[in-house]
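To start, the structure under review is shown below, and the notes come after it.
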Amino acid sequence: MSDPNTEWMRKLKETDPLREKTFTPEKMEAIVMKTVHSRRKSPRNKQKPRVFAYTAAIAVAAVLLVGILPSGPYTGWLLNAFGGGWNVGEQAMPPISSVPPTETGQPETEPPSETASPTLTGKLREHLPFSTESEMTISIHDNQSGGDYQVPAGRNYVILQSLNWVDLTFAKAPKADSETSVFLRFTVDNQSYEIPYRLETNTVEWMGQSFYMDDGTMLLMHRLLQPQSKLGIIAQLFEQAQQEQENDQVERSNDVYASDRLEVNGRDYNGWEKELEKLIPKSEQNYYNIQTEKMDNIRQYESGILTLNLSVVFEDSTFQTKDNIRVGSTEAEVLKALGKPNLKSASKWSYQIGDFNRFHLYFQDGKVAYVVLTLPL
Amino acid sequence: MEEQYWKYLNGMDADLLRELMEQFGQEVWNLAYILTKRHDLADDITQDVFFNAYRNIRFFRGESSIQTWLLSITRNTSINYLRTAFIRKVTLMEWVSDLGNSPSAEKEVLEQTFSDDIWRMVMELPLKYREVLILFGKYELSIKEIAKTLNISEGTVKSRMSRARKKMNNWNEGVGTYERS
């Protein structure tokens with residue numbers, strides 16, 4: 001008879017923890033889409049080597065010219081072009097200084113750089129004078145209005161994950177041409193640090209340079225600073241739905257739906273993605289996508305469609321499902337036409353296609369405010 | 001693809017990535033789940049692992065098996081996720097159909113879906129014992145490989161293994177699921 005204690009080792013080796021297979025073909029294909037196909041789509045990957053070669057050639061030529069030619073009237077402009085005050089042979093870049101905390105508790109703002117900016121690489125968190133894993137409070141200070149907005153503690157992670165994952169090479173933004181009045185203020189161990197933020201471009205300033213933040217930060221900042229804007233209203237409702245789910249204020253069901261009933265105007269997410277490629281958006285707002293590690297944008301179309309990260313949001317009642325579910329439909333109408341959702345909270349009803357929830361209705365005052373199609377990843 | 005050829009690759013295409021995932025995807029997911037106890041994190045981690053494997057296959061030298069390489073990446077990615085657990089890579093759209101992020105949802109999973117009682121016991125082990133037990137007992141990594149993956153000494157691996165086994169043996173005897181002759 002086998003030793004029961006080796007019997008459990010045998011079971012451990014031969015069985016999986018869960019009964020069902022959890023790594024499904026759908027998940028596999030989603031990974032292939034994200035890795036292979038999204039990298040292939042980006043034209044920037046092809047352009048990068050060429051751009052790098054040109055930049056390197058220009059840099060080498062400039063160094064040779066400055067190095068070979070004696071200092072004088074015909075080279076002085078070259079030295080000035082590279083930031084003045086740099087001398088060949090000495091340290092080429094000024095040292096990067098962190099924003100110093102102050103003894104008095106009054107935060108200091110990052111001094112604007114008057115010399116040419118050093119090339120920053122890596123993730124933004126690596127350059128911060130505080131750890132993003134420390135206990136902290138985050139607030140937003142508006143110099144112009146004098147207002148202070150506390151970021152709810154449960155939402156700190158939105159800004160922190162942006163700081164953690166924003167890549168200083170890929171998220172670099174054009175230099176800002178206006179003064180900023182809003183500052184992200186981080187209070188860690190009784191010391192405060194401020195980083196300038198521009199809502200209109202969704203960028204932070206660090207060491208005199210601008211970098212895009214992610215879409216989560218963009219939406220959160222709109223909610224706090226411009227709550228009546230389109231993005232502010234959407235962010236508020238989406239956040240409410242997320243909190244309902246986090247607090248487990250949800251009902252679940254295992255009903256199954258035919259996928260064509262969960263299409264909007266006869267198209268699923270992929271169909272809409274292709275359709276929207278043919279249209280010109282009326283506005284675009286850039287963000288750094290921390291999942292794909294590429295630049296992306298939130299786009300608004302004239303017709304009443306908005307695209308967020310992996311989501312198509314319909315805000316106009318002209319867009320409907322086969323069962324006539326649209327913006328403005330009541331809860332009773334949805335239940336009658338479509339049935340119980342697979343995941344239901346007060347603000348959001350989600351319907352499943354395959355393994356994932358892909359069709360969502362957001363409710364305000366008992367009526368559908370947004371119809372949303374998502375691509376799960 | 002045969003084991004010996006993975007180390008010669010400079011890159012992967014979609015078909016090779018699929019092949020890698022068909023062979024090892026469930027094992028990677030299982031390990032991520034065992035370490036984090038969460039479906040949603042296991043999904044995220046599995047995605048990250050294969051994304052990393054796709055980008056970094058050219059650095060795989062064949063010093064270990066391809067499975068060991070993937071499991072090492074999985075373990076380290078899982079620990080990173082656990083360490084920054086308060087920073088959640090959740091988009092505003094929740095896509096997992098049958099699990100929330102709440103403790104009650106997790107508890108429901110733990111109670112209903114294990115393939116065997118043994119897994120319930122394993123999941124109750126403290127993380128540092130659980131990971132060495134699984135890497136050794138299920139995935140058959142050597143003590144040396146485990147030490148390298150966890151960045152601890154071989155002695156510490158053996159010590160944790162011993163404690164993990166002792167706990168499992170005690171629980172197992174307490175459960176009384178085996179008949180003795």
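The sequence lines fix the lettering, A, B, ..., with proteins before strands; numbering per chain opens at 1. Side chains included, hydrogens not; waters and symmetry mates left out as well; all remaining heavy atoms used. None of the values given here were measured: they were computed from a predicted structure.
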Step-by-step side-chain contact (heavy atoms from CB on, under 4.5 Å) determination, I118(B) to E7(A): CA-CA 10 Å; I118(B) 210 72; E7(A) 181 71 4; over 6 Å; no
Flag yes if more than 12 heavy atoms outside E14(A) fall under 6.0 Å of its CD atom; otherwise flag no. yes
Contact between T35(A) and F50(B) at the side-chain level, heavy atoms closer than 4.5 Å - yes or no? no
Evaluate M21(B) against K27(A) for side-chain contact (heavy atoms from CB on, under 4.5 Å), listing each step before the verdict. CA-CA 10 Å; M21(B) 288 194 285; K27(A) 289 180 187 173; over 6 Å; no
Using heavy-atom distances under 4.5 Å, tell me whether V122(B) contacts chain A through its side chain, its backbone, both, or neither. side chain
Quick one: does K11(A)'s side chain get under 4.5 Å of D117(B)'s, heavy atoms only? no
Most heavy-atom pairs under 4.5 Å with chain A, out of E140(B), M12(B), E27(B), belong to E140(B)
With a 3.5 Å cut-off and sequence neighbours excluded, list the donor-acceptor pairs that the side chains of residues 68-76 of chain B form with protein atoms.
from, atom 1, to, atom 2, distance (Å)
T68(B), OG1, S65(B), OG, 2.9
S72(B), OG, T68(B), O, 3.0
S72(B), OG, T149(B), OG1, 3.0
T74(B), OG1, L70(B), O, 2.7
R75(B), NE, E131(B), OE1, 2.8
R75(B), NH2, E131(B), OE1, 3.3
R75(B), NH2, E131(B), OE2, 3.2
N76(B), ND2, S72(B), O, 3.2

What do you reckon, is NZ of K167(B) surrounded by more than 12 foreign heavy atoms closer than 6.0 Å? no
Is the number of heavy atoms from other residues, nucleotides or ligands within 6.0 Å of CG (N270(A)) greater than 12? yes
I'd like to know if the side chain of Q26(B) reaches the main chain of F23(A), judged simply by a donor and an acceptor atom lying under 3.5 Å from each other, with no hydrogens or angles considered. yes
Student check: side-chain heavy atoms of Q47(B) and Q291(A) closer than 4.5 Å: no
Between K138(B) and D16(A), does any side-chain N to carboxylate O distance fall below 4.0 Å? yes
Rounded distance [0.5 Å steps], CG in D116(B) versus CG in L18(A): 12.0 Å
Side-chain touch R18(B)/V32(A), heavy atoms, less than 4.5 angstrom: yes
So which atom in L12(A) and which in W119(B) form the shortest heavy-atom distance, rounded to 0.1 Å? O-CZ2, 3.6 Å
Excluding sequence neighbours, so at least two apart, what forms salt bridge (Lys or Arg N to Asp or Glu O under 4.0 Å) with R261(A)? D323(A)
Heavy-atom pair with the smallest gap, counting every atom of M168(B) and W8(A): CB-CZ2, 3.4 Å
So with a 6.0 Å cut-off around CZ of R299(A), is the heavy-atom count from everything else above 12? yes
Side chain proximity check, F51(B) to T292(A), heavy atoms < 4.5 angstrom: no
